[in-house]
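Every chain is numbered from 1, with letters handed out A, B, ... down the list of sequences. Note that the structure is a prediction, hence the values are computed from the model and not measured.
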There are 2 protein chains.
Amino acid sequence: MTSFDVVVIGGGPAGERAAVQAARAGKQVAVIEREHVVGGACINWGTIPSKTLRESALFVYGLTRNRLHGIRSEITDEITVADFMYRERIVVQRELELINDSLDRYRIEVLQGQARFADPHTVALTGVNGQTRMLLTAEVIVIATGSRPSHPADVPFDERCVFDSDTILRLPRIPRSMTVLGAGVIGIEYAAIFAALGLQVTLVDTRERLLPYFDREIAEILTRELRRLGIVLVHNDRHRTISKVRDEPPLVRCRTEGGNLFESDVLLYCVGRDGNTRELGLESIGIKPDERGLLTVNDHFQTSIPHIYAVGDVIGYPALASTSMDQGRKAMRHAFNLPGSKDRSEMLPFAIYSIPEASYIGETEEQLKERGADYVCGRGRYEMNARGQIIGDQFGLLKLVFEGPENLLRGVHVVGQAASELIHIGQALMMADATAAQIADTLYNYPTLSDMYRHAALEALRARRLVPGG
Amino acid sequence: MTSFDVVVIGGGPAGERAAVQAARAGKQVAVIEREHVVGGACINWGTIPSKTLRESALFVYGLTRNRLHGIRSEITDEITVADFMYRERIVVQRELELINDSLDRYRIEVLQGQARFADPHTVALTGVNGQTRMLLTAEVIVIATGSRPSHPADVPFDERCVFDSDTILRLPRIPRSMTVLGAGVIGIEYAAIFAALGLQVTLVDTRERLLPYFDREIAEILTRELRRLGIVLVHNDRHRTISKVRDEPPLVRCRTEGGNLFESDVLLYCVGRDGNTRELGLESIGIKPDERGLLTVNDHFQTSIPHIYAVGDVIGYPALASTSMDQGRKAMRHAFNLPGSKDRSEMLPFAIYSIPEASYIGETEEQLKERGADYVCGRGRYEMNARGQIIGDQFGLLKLVFEGPENLLRGVHVVGQAASELIHIGQALMMADATAAQIADTLYNYPTLSDMYRHAALEALRARRLVPGG
């Protein structure tokens, strides 16, 4: 029996951050990881690999779109997904080194194996043969086991014609067409990446609009841009049957509830993810996951047993690397009553790495309207911005939402190139309690996309008739 | 005789911003512009055109560097500078529309012609024939006439072999080699652009190191990166003779004081710029430009005659579009005693659009050291950042400088991709009086370059032994 202050189950972003936060506070921490490497889906088969492919897709898309006279380029037929991901191994390796360095620095014990609750304070570590190798007791236990793609019985996953988001990057060749079922963050990102690579992509959304938590105007621009990328976007529909027609060359057929028939080389199914909770023995201690295996937690990320926390993908939405890290940290702050910075959850940005990117922080216009706030919006358009013009982004938008007589910045919403980076200017401005007048007076480098903040703030002041020319 | 509250001489960024600032305060404003379009060098033959060419250069450089298996590309021999600048006209047109819209909105009178002082409160507007067309009197006069490349008598400018920064973009064909004399912002930017386009570039700097006002560490990385781009960089040297060998194909020879001999297809001379003050009749009112035609002003941008202000390139360093705009605005605030936001001049960012970009805001490490401050630095490295890894930037650096027991952010220094944009996060953080602890606790989208702020702040805290593992 080995005893720790904290045992973290799962070494992805949420678990790592929880472990580091606790260790920084002087706690003895162990992390149990089922795989042979830490990093979770984020590093190993999700976030990082897909963003690496995305970078190549942007390059290929640039080649086809920026037709510079005097430059000839062609893409050969034999190109593979691996060709496009040539940097992936380097990136993954480096990120793993960083995580391992961090775990080492804080003297966090990393144990490889499957975790299973023996009682509410004891976790059994079992090896491949199912034998218990070790019993760990802890004051606090963190479940950060992540999630995996849902595999409904009627979807014939085979890794030749039908893929999930964990296997899609193992595509041997670049197909000509793809049907993507599910328009969550993962579905949209892959649809955009493969469309940019030149595939004919059909994206089937079970809802009536994309990304309902986004500011409506931003989501509408993103929807239009995905269509401009060549994606056939179908809303309010879902599969009825999926059947493989043949293996070589691959062909798959999808009939939908809405009466559509989609035929494509391959199909990517990414409707929902299930929490990795099945093998944890949670029933024995009285914690009950929902029907998808996801755990329910309170505002402090506590499960129904107060000293057992759950963070990251295993608690569902929003299931982003960044938010998961934040949850891991907050859980440990709560567990050990650690001081934190001002806990302003609205300061958490959200990004989707579609093409173009979209990102937001704070409140949407709809939220301000709903709570009856005295608000005003200001917009900076990429096509009105010198840098936006230079890079040829004609449809991007930066939208700021201000509230009250002081015009305090309440929300920032961006769609367009570098949206995921630009949002952090807004994050820091919100930290500064910046007003529209202050932002309108700020001097930005020229030419930069950042300068749209100034334009947007000026537009808001004009709408308030605080500067002439409105 | 027509009378105004303000007459602005010159319609570039400094003049436009001064005019708008005064008009927003209800003043009657006229702008006199010598050219047929407003916008100045920034829009018409400087900033915007060079940044458009830079974008193509980055694309070409990416083609040659990102050798993706399965993509073949080649650049044909007949390619021209115009091919690379195909977007330029659109961008310039759009920027001019924006400026004209802004001048219209504030009902600013724009008059085309040459301005000449008749007395300290009167400006004569003359046409092409030198006849006075109009006399304008004003309470306040702003000189924002900009600058032009210096043309020493011993440099044989001919627009075939020897160019200045106003004419270099009229290069008919892309040459194979270029000697750039002068390593100021313009010289470095063009050297990088043409090196990325594949030219053999030699850059001759009169000083012993590049960009002495930059943080030394950042300037050193930039220097190393320019060399990696293939630029031959020579310090502490200047031309002794420049002689054209032949016109077709072009060949030019430069012998230096340091005993070097540089032969290249073309030569770009960009050592110094002269203020556009010769035709203003300044001697008649007792204002004396220096030997380069530049004007001297006090902290409020007043010349020796208090109601005559001078802003922008005509007062010399730093001569950036963004700083010039700020000067125009500040001059009018002073003239009419207008309220401004906290006047923190350290909040002004500075950027150079070399390859890679570099940018800073606030104080350098050297400045803090010199004033005996209790400071600490923290660094975020592109190669340690997931997004930096994905885009393959292995040498970039974000350096934060913090001061005092609170570790207040005092300076941000970046070299690497998107430096000119990333700096604005630091600008807003400085506005928020952010501390290292707050930045270390901020949650950024993943993967983003912005996340280096968090890493850099953590490193600083570790150096202060405020977190373990230092």
Chemist: Rounded at 0.5 Å granularity, tell me how far CZ in A:Arg387 sits from OG1 in B:Thr52.
Modeler: 9.5 Å

Chemist: Among the options B:Gly392, B:Ala418, B:Ala428, pick out the one with the most heavy-atom pairs lying under 4.5 Å from chain A.
Modeler: B:Ala428

Chemist: Which residues pass the ring-ring contact (aromatic ring centres under 6.0 Å, His included) test with A:Tyr360, sequence neighbours left out?
Modeler: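 A:Tyr360 satisfies ring-ring contact (aromatic ring centres under 6.0 Å, His included) with A:Phe214, A:Phe350, A:His413 only.
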
Chemist: Can you say whether A:Arg329 sits under 4.5 Å from chain B via the side chain, the backbone, both, or neither, judging by heavy atoms?
Modeler: side chain

Chemist: In terms of heavy-atom pairs under 4.5 Å, which option from B:Arg94, B:Arg54, B:Glu383, B:Arg107 contacts chain A the most?
Modeler: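 The option with the most such pairs is B:Arg94.
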
Chemist: Could you have a look at A:Val91, A:Leu443, A:Ile425, A:Thr323 and say which one has the most heavy-atom pairs with chain B under 4.5 angstrom?
Modeler: A:Leu443

Chemist: Report the distance from atom CD of A:Gln427 to atom CG of B:Leu429, rounding to the nearest 0.5 Å.
Modeler: 8.0 Å

Chemist: Contact part of A:Asp451 toward chain B, heavy-atom cut-off under 4.5 Å: side chain, backbone, both or neither?
Modeler: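 Neither part; nothing is under 4.5 Å.
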
Chemist: Side chain, backbone, both or neither: which part of B:Ile90 has an atom under 4.5 Å from a heavy atom of chain A?
Modeler: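 Contact with chain A: backbone and side chain both.
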
Chemist: Tell me, side chain or backbone of B:Ala440 under 4.5 Å from chain A's heavy atoms, or both, or neither?
Modeler: backbone

Chemist: Taking the side chain from A:Glu421 and the backbone from B:Ser450, do they hold a donor-acceptor pair closer than 3.5 Å?
Modeler: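 Checked: pair present.
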
Chemist: Decide yes or no for A:Leu98 and B:Met384: does some side-chain heavy atom of the first lie under 4.5 Å from some side-chain heavy atom of the second?
Modeler: yes

Chemist: Is A:Leu422 in contact with chain B via its backbone, its side chain, both, or neither, using a 4.5 Å heavy-atom distance?
Modeler: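 A:Leu422 touches chain B through side-chain heavy atoms alone.
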
Chemist: Could you tell me if the side chain of A:Glu88 sits less than 4.5 Å from the side chain of B:Gln389, heavy atoms only?
Modeler: no

Chemist: Would you mind checking which part of B:Leu58 comes under 4.5 Å of any heavy atom in chain A, side chain (CB onward), backbone (N, CA, C, O), both or neither?
Modeler: neither

Chemist: Could you measure the distance from the CG atom of A:Asp433 to the CE atom of B:Met431? Nearest 0.5 Å is fine.
Modeler: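 It is 11.5 Å, given to the nearest 0.5 Å.
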
Chemist: Which pairs count as ring-ring contact (aromatic ring centres under 6.0 Å, His included) when at least one residue sits in residues 417-447 of chain B, sequence neighbours excluded?
Modeler: A:His424-B:Tyr444, A:Tyr444-B:His424

Chemist: Look up atom OG in A:Ser50 and atom CD1 in B:Ile390, then write down how far apart they are to the nearest 0.5 Å.
Modeler: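 A:Ser50 OG to B:Ile390 CD1: 8.0 Å, rounded to 0.5 Å.
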
Chemist: Nearest 0.5 Å, what's the CD1-CG distance between B:Ile361 and A:Asn445?
Modeler: 8.0 Å

Chemist: By a 4.5 Å heavy-atom criterion (distance strictly below it), what part of B:Ile439 contacts chain A: side chain, backbone, both, or neither?
Modeler: neither

Chemist: Is it the backbone or the side chain of B:Thr448 that comes under 4.5 Å from a heavy atom of chain A, or both, or neither?
Modeler: both

